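Computed from a predicted model, the values in this text were never measured in an experiment. Ligands are counted one by one from 1 in listed order, and the atoms in each one are counted from 1 as well. In what follows, residues are counted from 1 in the order of the sequence shown.
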Amino acid sequence: MLKKEWPKHSILAIAIVATWLKTYVTYKTSFSITIDNALQEFILFINPLSLLLFAYGISLFFKTEKAKNRSIMAVAVIASIILYANVAFYRFFSDFITLPVLFQTNNFGDLGSSAAESIYATDVLFFLDVIVIFLAIKFLKVKPSSMNTASVQRKSYMILTAAVLFFNLGLAEAERPQLLTRSFDREMLVKNIGMYNYHIYDIYIQSKSQAQRALADGSELVEVNNYVRSNQPEPSPEMFAAAEGRNLIVVTLESMQSFLINNEMNGEEITPFLNGLTQDKDTVYFPNFYHQTGLGKTSDSEFLLENSLYPLSGGAVFFTHSGNTFNSMAERLGENGYYTAVQHANTKSFWNRDMMYQSFNIEKFHDIESYTIGEGEAVNWGMKDIPFMEQSVDQMAEMPQPFYSRLLTLTNHHPFYLDEEDKLIEEFDSDSGTLNRYFQTARYLDESVEALFEDLKEQGLYENSVIVMYGDHYGISENHNEAMAQYLGKEVTPYESAQLQKVPFFVHIPGSGKGYVEEEIGGQIDMRPTIMHLMGIETEKDLQFGGDLFSDEHEEFVIFRDGRFITDENVYAGNVCYDIDTGEETDIAECEPHIERAQQELDYSESIINGDLLRFYDQENGQLILTKEEQEKLEKEQLEENPNNKE
Ligand code: GP9
Ligand code: MN
């Protein structure tokens, strides 16, 4: 067999097939990638191909057989090293490598040693393709390709490569819309675009943010700082420190919108427990509270909560800027003697949480690995909220007190599936199955909140805690406007649509007697200062855009991530100014002064994130950290602007 003359480009073909198959087998044996259907399996199978075709195809541009083969060997070795590095990393961290982990020396100092422990002799199998290619080069007699491969052949080869890539991306987009703009999860990226393409994408995302960071300096903070300083409301004397010293439990109510609260569907209450809380003597309920998330959905709401900064306009900040310096609420509570944790029964890499939580200085992330999912306890996106609450409270009972823990619920998530036994109310009856089921899963979430309160009481944690709950973002998108109109009994205009972005916000302080309905208009950006003040921690020196909702000075001005906004008088949406009370279109002049300010505030926040500017901010004393040159430059500028003011 070895004697026979093999056709031209046999080595190239062998290399592509060998590495392709090896990659697929590695996917199946060394990583736990969840596959739900045949299409996903097919995508997983073909996803290594485009990059391999391209990288091995580079050999076609070399003239001699020797150079061609060298190029093929080099690609084989590099691809194998990348794949194998991920295998070893995954064994220890159950995650794929992303550039920042290679630079995060503080928490990953033991990376080298732990990786070394996860290496076995049988791992040579991960280099099987390299061996096969090497032997093929050595022993196969291949008909030499004509002096240099004809350029038309090369062209068609590269066109084929591009076609394979677009076919792959097309399938990925169909399977997971917006995958590349939103990122979601490393597992999802590897599953859809493949390990090799994922690394290229990762390098692109990370270098883009690194480049912006490198170009930024502290003087950019001056204007932002002045703006923030002139807009900070004083804490309310009534509520400041009202929950001081208690455990802080923040519950993210997945996809919960305010239109469900104190409302009915087919004559039945949708959220009876939460409805009860709106009348409760220990609960402050905010019916005019809006979400301000963008593409990063839940993670954006977490970002708003922890930092009181806006998320990004393009992409999920959890993915793009997890290496930044932040002044998170968790960090501040940590400094004030709190143990800090997040509890969420999902893979830790989803929304890149494992990385971002390190930057937020959250001490412990109880991810899916911390939960035992029994028979019948999983539905839709994973663990059901009721058993999740129970196990989470068990974990809380073990935490050092006082603690700050965030619980992220999951069952009330698109596409809103439930097991029969968990359906406590009927479906709605419209053309949208999504909306129809949403009422049922929201009802289930409501039930799980009740279970949380019970569990906390049982564990003796209730009395000494404060429970804050917020809806993270809409559950029903504008794609379901028609069905929504049917439910609401009115057309969903841009005004209505903006009003539908209201999400519930509750502050429950057991035994405080401080409950009432607070009509103040506010948004997720306000959660950090509101909560910090409740806990008795000042925030006057913090760089944050929100304000304490309990403060008399709080400004009613909620800016959506897409530029829409709400004031005490108007709703600005779809480039139209509406009267907030009537929903009637008004003179645009009423909104005009705010349009620019809304954009400016979003831009300021974005500049902080893109330039990683909080590294130039001393949170202890609220001073900017400037180099001598920056300081001088600044003074000069100020003098030029205002020559009379020489002081
Ligand atoms: C996933 C959960 C849901 O862990 O937070 O994310 P979402 O899709 O709502 O952003
Ligand atoms: Mn969510």
Within a distance under 4.0 Å of any heavy atom of [X], pick out the atoms of ligand 1 and give their elements.
{"X": "W381", "answer": "1 (C), 3 (C), 8 (O)"}
{"X": "E254", "answer": "3 (C), 9 (O)"}
{"X": "F350", "answer": "1 (C), 4 (O)"}
{"X": "W351", "answer": "6 (O), 7 (P), 10 (O)"}
{"X": "H473", "answer": "9 (O)"}
{"X": "R353", "answer": "1 (C), 2 (C), 4 (O), 5 (O)"}

H344 and F365 aromatic ring geometry - parallel, tilted or perpendicular at 30°/60° bounds: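 Parallel: the ring planes of F365 and H344 meet at under 30°.
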
Counting heavy atoms only, name the option from T298, I368, D367 that's nearest to atom 7 (P) of ligand 1.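 The nearest heavy atom belongs to T298.
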
Which residues and atoms, protein N, O or S only, are under 2.8 Å from the Mn ion (ligand 2)? E254 OE1, E254 OE2, T298 OG1, D472 OD2, H473 NE2

Taking heavy atoms and a distance under 4.0 Å, where does H414 meet ligand 1: side chain, backbone, both or neither?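 Neither part.
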
Ligand 1 contact on L410 by region, counting heavy-atom pairs under 4.0 Å: side chain

Apply the side-chain hydrogen bond (donor to acceptor under 3.5 Å, both in side chains) test between S432 and each candidate in Q486, H480, E482, R437; give the one that qualifies.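 It is H480, the one option of Q486, H480, E482, R437 that forms the side-chain hydrogen bond (donor to acceptor under 3.5 Å, both in side chains) with S432.
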
Using a 6.0 Å cut-off, check whether atom CG of D429 has over 12 heavy atoms from anything other than its own residue.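 Counting neighbours around CG of D429, 12 or fewer heavy atoms of other residues, nucleotides or ligands fall under 6.0 Å, so no.
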
With a cut-off of 6.0 Å (strictly less than), are more than 12 heavy atoms of other residues, nucleotides or ligands near CG of D36? yes

Any heavy atom of H344 sitting closer than 4.0 Å to ligand 1?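 H344 counts as a contact of ligand 1 under the 4.0 Å cut-off.
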
Which heavy atom of I386 sits nearest to which heavy atom of Y444, and what is that distance? N-OH, 3.0 Å

Side chains of Q343 and S405: do they bring a donor and an acceptor to under 3.5 Å? yes

List the closest protein heavy-atom neighbour of atom 8 (O) of ligand 1: residue, atom name, distance to the nearest 0.1 Å.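 The closest one turns out to be H413 NE2, 2.7 Å.
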
Member of L248, N361, I531 meeting the side-chain contact (heavy atoms from CB on, under 4.5 Å) criterion with L333: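 Passing option: L248.
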
Exactly one candidate in F184, F319, Y357 meets side-chain contact (heavy atoms from CB on, under 4.5 Å) with N352; the answer is F319

Is a side-chain donor or acceptor of Y201 paired with a backbone partner of L180 at a separation under 3.5 angstrom?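 Pair found, side chain donor or acceptor close to backbone of L180.
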
Should F31 and V190 count as side-chain neighbours, where that means a heavy-atom distance under 4.5 Å? no

CZ (R406) and CD (E306) are apart, to the nearest 0.5 Å, by 4.5 Å

Would D542 and R528 count as a salt bridge (charged side-chain N to carboxylate O under 4.0 Å, His left out) here? Give the steps. CA-CA 10 Å; D542 294 0; R528 182 187 191 276; 2.8 Å; yes

Taking both backbone and side-chain atoms of N346, is any N or O found less than 3.5 Å from an N or O belonging to ligand 1?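 Yes; at least one N/O pair falls below 3.5 Å.
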
